[in-house]
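Since we're looking at a predicted model, the values are computed, not measured. Throughout, protein chains are lettered first and strands after them, A, B, ... in sequence-line order, and every chain is numbered starting at 1.
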Amino acid sequence: MACLDAGLEAIVVQAPAGTLYRGREGMWSWVAHRVTGVLIFFFLFAHVLDTALVRVSPDSYNRIMDTYKTPLVNLMEIGLLGAVLFHALNGLRVTAIDFWAKGTRYQKQMMWAVLAVFVLLMVPSVYRMTAHSFAELFGSTS
Amino acid sequence: MTAIDATGNMTPGSTVQPDDDDRLRIESPRTRRKRPTQNGRGTNFEMYAWIFMRMSGLLLVFLVLGHLFIMLLLDGGVQRINFAFVAGRWSSPFWQTWDLLQLWLAQLHGTNGLRWIINDYAERDGTRFWLKTLLYTASFLVLVLGTLVIFTFDPDLAG
């Protein structure tokens, strides 16, 4: 018996602690929601500071806005739009899970609907937003 | 200090093991039932925080996506934004109200979101305390600065 007890104890001690992370649509949408939320929080912090420059002088505000118009920051604006759009759509999904009686049952389908709407809105937006950068980088000046 | 509150739940964060006194607590008859979310201080703060996240989130979907659509996609997008553009927008009380509401809802929504994240991942009491002190200080400054900028904007600064 002592031997068996020791064996069981070893199994219990070595068994993995278990995890709440279960993968698939549910977990990854939650991870993405957190990551995009934190990114948006830090952008908002910077954005309130840059907008506050309108109280300093028109020139200092216009200079910071000129950096927003460069191709590199243009890419980051696409990232910002993507983060906000995903956070908004998935937030609607989370709200539906909380308040709609069948929300939990259809959470996976809603996740794919979120991604479909995301792609549908992002494609034309990226096309519009990058037009100026493409013209600046590759366009002729004539 | 007891590890089990009146509703029979473990007190969050308690390291005290439940003892017999906790286990055998039987309320006197006709005691009013306490709501399950009620914490020791008799407030429902976490429930209101959850409701606030859902309600502010719904409003922010329209406010922020509308804001991004106007600023990044409409007309010339970000290329047309400068001091004169801001002056034109904030001459209208409608856009001032939009931006003020957006600022407050987004900042409070984000602050509570980060509070949840800190609570989830910072395990030491001291770490949680200092991260949240930093968070609340930053949020307070952003709210005060942003509100002042919207209300004291002066288009004549352009001369």
>> Please classify the contact of A:V73 with chain B as side chain, backbone, both or neither, using a heavy-atom distance under 4.5 Å.
In response: neither
> If you check every heavy atom in residues 119-128 of chain B against those of chain A, which residues fall under 4.5 Å?
Replying inline: B:D120, B:Y121
>> For residues A:L120 and B:F69: do they belong to one hydrophobic cluster (side chain heavy atoms under 4.5 Å, members Ile, Leu, Val, Met, Phe, Trp, Tyr)?
In response: no
> Does any non-hydrogen side-chain atom of A:D66 lie less than 4.5 Å from one of B:N82?
Replying inline: no
> If you count heavy-atom pairs under 4.5 Å with chain B, which of A:V38, A:L81, A:D98, A:I40 comes out on top?
Replying inline: A:D98
> Say you draw a straight line from CG of B:L68 to CG of A:L85; how long is it, rounded to the nearest 0.5 Å?
Replying inline: 9.0 Å
> Are any of the side-chain heavy atoms of A:V48 and B:V149 separated by less than 4.5 Å?
Replying inline: no
>> If I take atom OG1 from residue A:T51 and atom CD1 from residue B:I150, how far apart are they, to the nearest 0.5 angstrom?
In response: 9.0 Å
>> Using heavy-atom distances under 4.5 Å, tell me whether B:V64 contacts chain A through its side chain, its backbone, both, or neither.
In response: side chain
>> So for A:S125, is it side chain, backbone, both, or neither that comes closer than 4.5 Å to the heavy atoms of chain B?
In response: both
> How long is the span from the NE2 atom in A:H47 to the CE atom in B:M71, to the nearest 0.5 Å?
Replying inline: 7.0 Å
> For B:V142, is it the side chain, the backbone, both, or neither that has a heavy atom closer than 4.5 Å to a heavy atom of chain A?
Replying inline: both
>> Would A:L92 and B:L58 count as a side chain to side chain contact (heavy atoms under 4.5 Å, CB included) here? Give the steps.
In response: CA-CA 7 Å; A:L92 293 175; B:L58 281 176; 3.5 Å; yes
>> Is B:L73 in contact with chain A via its backbone, its side chain, both, or neither, using a 4.5 Å heavy-atom distance?
In response: both
>> To check you understand the geometry: which heavy-atom pair defines the closest contact between B:I81 and A:M65, and what is its length?
In response: CG2-CE, 3.6 Å
>> Can you tell me which portion of B:L141 sits under 4.5 Å from chain A's heavy atoms? Options are side chain, backbone, both or neither.
In response: neither
>> For B:L72, which atoms come within 4.5 Å of any heavy atom of chain A: side chain, backbone, both, or neither?
In response: both
> Using non-hydrogen atoms only, which part of A:R128 is less than 4.5 Å away from chain B: side chain, backbone, both, or neither?
Replying inline: side chain
> Can you get from A:F42 to A:I64 by hopping between Ile, Leu, Val, Met, Phe, Trp and Tyr side chains that sit under 4.5 Å apart?
Replying inline: no
>> I'd like to check B:L157 versus A:R55 (side-chain heavy atoms, cut-off strictly below 4.5 Å). Are they in contact?
In response: yes
>> Counting only non-hydrogen atoms closer than 4.5 Å, does A:D59 touch chain B with its backbone (N, CA, C, O), its side chain (CB onward), both, or neither?
In response: neither
>> With side chain to side chain contact (heavy atoms under 4.5 Å, CB included) as the criterion, how do B:F83 and A:S60 come out once you've worked through the C-alpha distance, each side chain's angles and the decisive distance to 0.1 Å?
In response: CA-CA 9 Å; B:F83 186 86; A:S60 50; over 6 Å; no
>> I need the contact set between residues 107-118 of chain B and chain A: heavy-atom distance under 4.5 Å, sorted by residue number.
In response: B:Q107, B:H109, B:G110, B:T111, B:L114, B:W116, B:I117
> Do you know which of A:V56, A:N74, A:N62 has the most heavy-atom pairs under 4.5 Å to chain B?
Replying inline: A:N62
> Where is the tightest heavy-atom contact between A:Y68 and B:V78, given as atom of each residue plus distance?
Replying inline: O-CG1, 3.9 Å
> Run the side chain to side chain contact (heavy atoms under 4.5 Å, CB included) check on B:R54 and A:V94 step by step: do they pass?
Replying inline: CA-CA 9 Å; B:R54 299 299 177 267; A:V94 170; 3.6 Å; yes
>> Do A:L44 and B:W95 land in one hydrophobic cluster if side-chain heavy atoms of ILVMFWY residues count as linked below 4.5 Å?
In response: yes
> Where does B:L74 contact chain A at under 4.5 Å (heavy atoms): side chain, backbone, both or neither?
Replying inline: backbone
